[in-house]
Amino acid sequence: YDTIDMDFTNENQSAHGGREYGHIVTRMGIERKVIVGHWADKKVQERLASWMRTAVGIMESSHIRVCRVADNMRNVAVTEGDKVEAQIKFGWEVDAYPVNEIADYVKDVAKGDVDALVDEYYSKYDILLEGRDPEEFKRHVAVQAQIEIGFEKFLEEKNYQAIVTHFGDLGALKQLPGLAIQRLMEKGYGFGAEGDWKVAAMTRIMKLMAEGMNGGTAFMEDYTYHFEPGNEMLLGSHMLEVCPSVAAEKPKIQVHPLGIGDREDPARLVFKAQTGDAIVVTLVDMGDRLRMIVNDVECKEQVNDMPNLPVAGVLWKPLPCLQTSAEAWIYAGGAHHSVLSYTLTADHMRDFAEIMGIEFIHINKDTEINEFKKELFYNDVAYKLGM
């Protein structure tokens with residue numbers, strides 16, 4: 001108070017300069033993040049750091065390219081969507097290739113390269129033979145190594161950062177890609193099953209947004225409900241493709257029959273997932289707009305083994321509870337595919353949705369169904385009116 005003068009106020013004009021700039025940007029209709037506080041304040045720094053991670057996702061989105069191996073799963077609406085609208089909103093390029101075009105890359109992988117990668121697998125992961133002949137087991141694992149190398153070469157040469165597969169169209173591939181896809185996701189590639197290109201792109205984007213943070217990010221699917229009274233939970237998994245970045249233990253390579261896909265028994269990584277707070281994120285096409293849905297969850301320890309379900313899995317309690325969460329998710333039209341992240345928060349994803357100009361829906365500890373349905377109704381009216 002004793003030293004402040006006109007020179008100080010001329011050099012520190014945030015109090016009115018920030019408002020003037022804010023008016024200009026608001027008048028122009030430009031989405032942005034407003035953070036108020038002293039630069040040295042820890043909370044201000046945390047909010048700015050959070051926004052910077054979202055900015056990473058925005059920049060990646062502007063040039064992301066998704067490779068669709070074959071097409072979407074037939075008669076499953078949620079894996080489809082308006083690819084032109086996605087390119088307008090997000091900058092995504094979503095291209096389809098005949099499955100045998102990428103299978104040719106797999107076929108051309110040198111045996112020495114396959115053997116070297118199999119050796120890496122055997123040194124990095126536990127091997128669970130479960131009574132299978134060791135050489136026969138290794139041959140199945142080698143198929144996935146060959147797929148990993150071939151797929152990665154294809155993606156690198158053609159500059160794709162995400163990939164989708166479809167078990168109904170495997171062409172010359174000997175196995176449904178499992179271990180191979182898990183490894184590619186661990187390297188940072190996005191993935192979506194059954195041709196789900198929207199979740200493949202979001203997996204890639206969220207992995208980059210979370211880079212350098214503890215925890216993991218993975219493609220996910222709602223697998224089955226656990227309705228134990230007072231301890232309701234949801235098992236998230238997929239038949240093969242869960243990223244080992246979310247593993248709480250050393251993954252095991254297992255080989256088991258898979259009725260889906262009509263190919264030989266695929267090798268896959270099996271593990272139990274980390275515990276802790278996380279989010280699950282899905283992106284759906286509502287016809288007149290794109291909607292992002294985020295649910296806060298608490299990932300729990302998977303105490304019981306599931307010997308007859310040899311897949312990687314995550315057991316979580318959705319907030320506010322399974323019943324309310326599932327009802328809200330279904331009312332909102334949420335997909336059965338999503339992206340699970342232990343590191344990102346709903347705030348990261350809200351910023352992303354607002355910058356991209358898409359609808360954002362958040363299911364959290366305070367969600368109440370009647371109020372939630374009102375929010376959906378108001379949003380629907382606003383978008384139909386072009387607001």
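- Side chain of Arg263 to main chain of Leu173: a donor-acceptor pair is present (N/O by atom type, distance under 3.5 Å, no hydrogens or angles).
- Between the side chains of His337 and Glu194, a donor-acceptor pair is found at a separation under 3.5 Å.
- Proximity of the aromatic rings of Phe377 and Phe372 is defined here by a centroid distance below 6.0 angstrom, and this criterion is not met.
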- What's the verdict on side-chain hydrogen bond (donor to acceptor under 3.5 Å, both in side chains) for Asp265 and His256, showing C-alpha distance, side-chain angles and the deciding distance? CA-CA 5 Å; Asp265 302 351; His256 293 276; over 6 Å; no

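- Side-chain contact check for His362 and Asp296: at least one donor-acceptor pair (N or O, by modelled atom type) lies under 3.5 Å.
- A donor and an acceptor atom, one from each side chain of Asp347 and Ser50, are nowhere located under 3.5 Å apart.
- Formation of a donor-acceptor pair under 3.5 Å by the Gln144 side chain with backbone atoms of Gln175 is not found in this model.
- Around NZ of Lys174, the count of heavy atoms belonging to other residues, nucleotides or ligands within 6.0 Å does not exceed 12.
- Not counting sequence neighbours, the partners of Ile355 by the side chain to side chain contact (heavy atoms under 4.5 Å, CB included) test are Trp51, Thr54, Ile58.
- In this view, Trp92 and Phe90 satisfy the ring-ring contact (aromatic ring centres under 6.0 Å, His included) rule, not counting sequence neighbours.
- With hydrogens and angles ignored, the 3.5 Å screen pairs no side-chain donor or acceptor of Lys300 with any backbone N or O of Val314.
- Nearest heavy-atom pair across Pro177 and Thr165 is CG-CG2, 4.4 Å.
- Judged by distance alone, the side chains of Gln254 and Glu130 do bring a donor and an acceptor atom under 3.5 Å apart.
- Within a 6.0 Å sphere centred on CE of Met52, heavy atoms belonging to other residues, nucleotides or ligands number 12 at most.
- Distance check, rounded to the nearest 0.5 Å: CZ of Arg289 to CG of Asn379 gives 6.5 Å.
- Using a cut-off of 4.0 Å between Lys/Arg side-chain N and Asp/Glu carboxylate O, Arg139 and Glu136 are scored as not salt-bridged.
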- Task: Carefully, step by step, assess Asp95 and Tyr160 under the rule side-chain hydrogen bond (donor to acceptor under 3.5 Å, both in side chains).
- Result: CA-CA 9 Å; Asp95 301 325; Tyr160 288 100; 2.6 Å; yes

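- Annotation: side chain of Arg268 is in contact with side chain of Pro310 (closest heavy-atom distance under 4.5 Å).
- Side-chain atoms of Tyr383 never come within 3.5 Å of backbone atoms of Asp288 as a donor-acceptor pair (strictly under, hydrogens ignored).
- Hydrophobic cluster membership for Ile4: Phe8 (Ile, Leu, Val, Met, Phe, Trp, Tyr linked by side-chain heavy atoms under 4.5 Å, directly or transitively).
- The line from CG of Asp262 to CZ of Phe167 is 11.5 Å long, rounded to the nearest 0.5 Å.
- Using a cutoff of 4.0 Å between basic side-chain nitrogens and carboxylate oxygens, Arg291 and Asp285 are not scored as salt-bridged.
- For Thr203 (side chain) and Val199 (main-chain N/O), a donor-acceptor pair under 3.5 Å exists by modelled atom type.
- With rounding to the nearest 0.5 angstrom, the NZ atom of Lys317 is 7.5 Å from the CD atom of Glu298.
- For the atom pair CD1 (Ile163) and SG (Cys67), the distance works out to 5.0 Å, reported to the nearest 0.5 Å.
- Formation of a donor-acceptor pair under 3.5 Å by the Asp380 side chain with backbone atoms of Leu376 is not found in this model.
- Contact detail for Pro251 and Tyr125: the closest heavy-atom pair is O-CB, 3.5 Å.
- Side-chain atoms of Glu368 come within 3.5 Å of backbone N or O of Glu371 as a donor-acceptor pair.
- Residue Met59 qualifies as open at atom CE: its count of foreign heavy atoms under 6.0 Å is 12 or below.
- Counting only N and O atoms by type, the side chains of Glu241 and Gln182 include no donor and acceptor under 3.5 Å apart.
- Of all non-hydrogen atoms in Ala328 and Ile369, the two that sit nearest each other are N-CD1, 3.7 Å.
- The neighbour count for Asn231 CG, taken as heavy atoms of other residues, nucleotides or ligands under 6.0 Å away, is above 12.
- To the nearest 0.5 Å, atoms OG1 (Thr343) and CD (Glu211) are separated by 10.5 Å.
- Side chains of Tyr105 and Glu157: a donor on one and an acceptor on the other come within 3.5 Å.
- Residues Phe154 and Tyr97 bring their aromatic ring centres within 6.0 Å.
- Heavy atoms of other residues, nucleotides or ligands lying less than 6.0 angstrom from CZ of Arg19 number 12 at most.
- Residues Asn295 and Pro318 come closest through the heavy atom pair OD1-CB, 3.6 Å.
- Expressed to the nearest 0.5 Å, how far CD of Gln161 lies from CZ of Arg65 amounts to 7.5 Å.
- Counting only N and O atoms by type, the side chains of His23 and Glu20 include no donor and acceptor under 3.5 Å apart.
- With Thr282 contributing its side chain and Ile293 its backbone, the two residues share no donor-acceptor pair below 3.5 Å.
- Of the possible polar contacts, none joining the Glu354 side chain to the Glu31 backbone as a donor-acceptor pair under 3.5 Å is found.
- A salt bridge links Glu148 with Arg183: the closest approach of a Lys/Arg side-chain nitrogen to an acidic carboxylate oxygen falls below 4.0 angstrom.
- Within a 6.0 Å radius of CZ in Phe360, other residues, nucleotides and ligands contribute more than 12 heavy atoms.
- With hydrogens and angles ignored, the 3.5 Å screen pairs a side-chain donor or acceptor of Glu232 with a backbone N or O of Gly230.
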- Message: Determine whether Glu135 and Arg132 satisfy the following criterion, salt bridge (charged side-chain N to carboxylate O under 4.0 Å, His left out), listing intermediate values before the conclusion.
- Response: CA-CA 9 Å; Glu135 289 305 312; Arg132 299 184 80 115; over 6 Å; no

